[in-house]
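By convention in this document, chain letters (A, B, ...) are assigned in the order of the sequence lines, proteins followed by strands, and residues within each chain are numbered from 1.
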Amino acid sequence: MISRPGELYQITREPIEVQGISRKLLRAADGAVCVFEGVVRDHSKGKRTLYLEYEGYETMALKKLEEIGLFVRGAWEIGTVAIVHRLGRMDIGETSVAVIVTSSHRRPAFDACHYAIDKLKKVVPIWKKEFFEDGEVWIEGQ
Amino acid sequence: MISRPGELYQITREPIEVQGISRKLLRAADGAVCVFEGVVRDHSKGKRTLYLEYEGYETMALKKLEEIGLFVRGAWEIGTVAIVHRLGRMDIGETSVAVIVTSSHRRPAFDACHYAIDKLKKVVPIWKKEFFEDGEVWIEGQ
Amino acid sequence: MKVRLLFFASLKDIVGSRDLRLDLPANSTVGDLLTELEKSYPQMKAYRPVILTAVNEEYVDKSASISEGDEIAIFPPVSGGAR
Amino acid sequence: MKVRLLFFASLKDIVGSRDLRLDLPANSTVGDLLTELEKSYPQMKAYRPVILTAVNEEYVDKSASISEGDEIAIFPPVSGGAR
């Protein structure tokens, strides 16, 4: 975990407490909070998913979360940012990833949050294995 | 309050429980949740805000929230939407408005959420009064 | 014809009331109503260029005609939501 | 020169291990390493066009040179985050 005033980056095996994180980050000058949560859904490519497992190259993943956070802090006028990815087994409806951005005004919060999750999906070394009734498969990006 | 499967529109005088709403809305097919919260901040145009009061034309405001929700459901491929605005006195850091969108994929969740808060700010008949140390003033849009 | 008027935010402060009943000449428009109100509340004139009006909870422009029993809301630009 | 190899996801399954120690000729590149590995694990060849490589936790391309003691991670395109 990397935690500084206004920043939190974490790879965790525990459930992600989004509301708790956003309240801890929020500064009195912030008027906007944009949150993105990635949630385990019940199907993938037409097949019924039972549950997922995420594994990661943990030390590098944490570095990449920090890089993304530092980039969005430089690129947009935001107040604070948190990026947390959970690893291990997760059931349908559980949150695997959360990006939380607070700022004075709403547009940069949306833009930074959206950029961060798009970038995370491309560069953070974490992989998802989907478990179906008849087997399991690594979901690998393109 | 207007509550149907996949939709919630509400004008309330109680604190907004964002996490509770998003978990109630979330469908098993949803993989993305985008949340926007508008929060009372401590300053406005260089002056220190002590607290705010929101008043609304409540029946029309609720209708407008529903209109916005129905529009975004038609315009983007989203799963569910909730739009909740709180009225009355709020302190710094409290949430005055929340927009929650769930969907299978992340882009439409961001786009619908962002559109909804922008539109809300233009058409929903709610007004904010800011209380400073030396007086109070209605904040009126442009 | 009898109508109900609702005022919000600074317009409510000017009128000193949130809720007024008024008797208007038949075929009045929203613009006619505003002109009439400005006679009683001259401070309203400054709001004319930005004022918003709704009849029965739908936005209308100043040329909209008013019917018996309508609820007419008069208010400044809205400021809900967030920055 | 001695290096440490890390494999993830399907690459880990192919190699049968997450963590290998290897002795490489001096001046090897990441591409040389992959070619060497493909001899032992022919299934890796199918991944060559999409495989990602990192040296000491930074992405590198196949022409990057390797130094004594490097930690080299080999993995398929990432799939964290959300849809």
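Ranked by heavy-atom pairs under 4.5 Å with chain C, the list B:V123, B:V99, B:V40, B:V137 is led by B:V123.
When heavy atoms are compared at a cutoff of 4.5 Å, B:W138 approaches chain C solely by way of its side chain, counted from C-beta outward. For a residue to count as touching a neighbouring chain, one of its non-hydrogen atoms must lie under 4.5 Å from one of that chain's; by this rule B:K64 touches chain C with the side chain only. Only the side chain of C:D13 comes within contact range of chain B, with heavy atoms under 4.5 Å apart.
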Item to check | Chi angles and distances behind the salt bridge (Lys or Arg N to Asp or Glu O under 4.0 Å) call for B:K119, B:E67 | outcome: CA-CA 10 Å; B:K119 191 75 177 175; B:E67 271 180 33; over 6 Å; no
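Judged purely by atom type and a 3.5 angstrom limit, B:R73 uses its side chain to pair as donor or acceptor with the backbone of B:G79. Of the possible polar contacts, one joining the B:E94 side chain to the B:D91 backbone as a donor-acceptor pair under 3.5 Å is found.
Ion pairing between B:K24 and B:E17 fails under the 4.0 Å rule for side-chain N and carboxylate O.
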